[in-house]
Protein chains: 2
Amino acid sequence: MFENGHLAKKYKIKKCECPSGKMMRFVEPCLLFFISQHVSYGYELMAKLDRFGFPKANPDPAMVYRTLRYLEKEGFVLSRWDTKGAGPAKRIYELTQKGLGLLHLWAQSIATRKKVLGKFLALYDERFKDKKK
Amino acid sequence: MFENGHLAKKYKIKKCECPSGKMMRFVEPCLLFFISQHVSYGYELMAKLDRFGFPKANPDPAMVYRTLRYLEKEGFVLSRWDTKGAGPAKRIYELTQKGLGLLHLWAQSIATRKKVLGKFLALYDERFKDKKK
DNA sequence: GTACACTATATGTATATCTCACATATATGA
DNA sequence: TCATATATGTGAGATATACATATAGTGTAC
């Protein structure tokens, strides 16, 4: 649903036309980054994703697990099973050199994107500076 | 293809794993913003999109025209045919109040996303500050 | 007078990505 | 034993993007 209910109400936008503002495949760099900090596994990584704007309440396991398997298939991460700890077995992921490279690529890509958003907001603010309450 | 060919080369990422960093449905706010500046039409709007990172060389008409028709269907813009000028008839679009509202919603959403990207980059820079050449 | 480039709008389809719902299994405590 | 928390996954459908193609008016160079 809307993040800004009052604006939606003001302009009579009833249906959720949801300007999501989400970035495509953004889980990927997030997972790579977390793994670069410390080896980890799906369930743990999933819980960390709210730091980057993913919904804390009900995170979606589908994207996380599928992305992790994809990253391993392509050689960006390696996994091994951990059956030592309590509870069900965990699939522990660690970053490869190639995965580190992909993270660096993502970082540059994200920096570029941030600049574009900054430009949009600058022009937007300039255009509507008088109309602000 | 890659925006950063040298990094891709360095880490031997051959296939285009393309971290696109693109935001979902980003054409929509761009079109709304341009129309908010001045009434316009598809072909002209398409040419302006490179200001927000869309490829200048071969822009994709499909997204532009389909988004414009969607925006009109939902009442965010109005259109009329302009047969006066030279060349084929243009479909001129103008913003409605509802469309202005959607633009404001988008702006807030984009500001939020920019913050998230900033946080990612801050943590990334902190993590890899020593490794920078 | 016609071939070509430029302007202008639009659709068709394949692929990529996301969302939602569901399925499975292990350990732990009531 | 039954609910709950942990843990990993898949399937189907919806949505978004990418790439290709279709149609047509206008100006101009030959």
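Keep in mind that what you see is a predicted model, and the values were worked out from it rather than measured. Per chain, numbering begins at 1; letters A, B, ... match sequence-line order.
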Expressed in angstrom and rounded to an integer, what is the separation of A/Tyr70 atom OH from C/dC18 atom P? 12 Å
A/Arg69 near the nucleic acid: base, sugar-phosphate alone, or nothing, with a heavy-atom cut-off under 4.0 Å? sugar-phosphate
Measure the distance from CZ on B/Arg25 to C1' on D/dA14 and round it to the nearest whole Å. 13 Å
Spacing between A/Leu49 atom CG and D/dA7 atom P, to the nearest angstrom: 15 Å
A/Arg91 side chain, from C-beta outward: closest of D/dA12, C/dA10, D/dG9: D/dG9
5' priority, DNA chain C, between A/Phe26 and A/Ala89 [closest heavy atom]: A/Phe26
Does a salt bridge link B/Arg80 with B/Glu94, judged by any charged N lying under 4.0 Å from a carboxylate O? yes
Per nearest nucleotide of DNA chain C, the residue lying toward the 5' end, A/Met24 or A/Pro61, is A/Met24
Between atom NZ in B/Lys84 and atom P in D/dG25, what is the gap in whole Å? 20 Å
Taking the side chain of A/Lys90 as heavy atoms from C-beta outward, which of D/dT8, D/dT17, C/dA25 is closest to it? D/dT8
In whole angstroms, the gap separating P of D/dT6 from CE of A/Met46 amounts to 10 Å
Might you point out which heavy atoms bring A/Arg91 and A/Tyr41 nearest each other, and give the distance in Å? O-CB, 3.1 Å
Report the distance from atom OH of B/Tyr93 to atom P of C/dA8, rounded to the nearest whole Å. 14 Å
Output the rounded distance in Å from CE (A/Met63) to C1' (C/dC18). 6 Å
With respect to the phosphate group of D/dA18, does any side-chain polar atom (N or O) of B/Lys22 fall under 4.0 Å of OP1 or OP2? yes
Quick one: which of C/dT28, D/dA18, C/dT7 gets closest to the side chain of A/Ala86? C/dT28
Report all side-chain donor-acceptor pairs from residues 113-120 of chain B shorter than 3.5 Å, counting only partners two or more places apart or in another chain.
from     : atom 1 : to      : atom 2 : distance (Å)
B/Arg113 : NE     : A/Gly21 : O      : 3.0
B/Lys119 : NZ     : A/Arg51 : O      : 3.3

Residue A/Asp60, side-chain heavy atoms: nucleotide from C/dA8, D/dC19, C/dC20 that is nearest: C/dC20
Round to the nearest Å and state the distance from A/Leu68 atom CG to D/dG9 atom P. 8 Å
Taking atom types as modelled, find out whether A/Glu28 and A/Thr67 have a side-chain donor-acceptor pair closer than 3.5 angstrom. no
Presence of A/Tyr41 side-chain N/O under 4.0 Å of D/dT8 phosphate oxygens OP1/OP2: no
Does the pair B/Phe52 and B/Phe34 meet the rule for a ring-ring contact (aromatic ring centres under 6.0 Å, His included), with working shown? CA-CA 11 Å; B/Phe52 293 128; B/Phe34 287 138; 5.5 Å; yes
Closer than 4.0 Å, any side-chain N/O of A/Tyr43 to the OP1 or OP2 of D/dT8? no
Of the nucleotides C/dA10, D/dG9, C/dC20, which has the atom closest to the A/Tyr65 side chain? D/dG9
Regarding the side chain of A/Arg66, the nearest nucleotide among C/dC20, C/dT13, D/dT17 is C/dC20
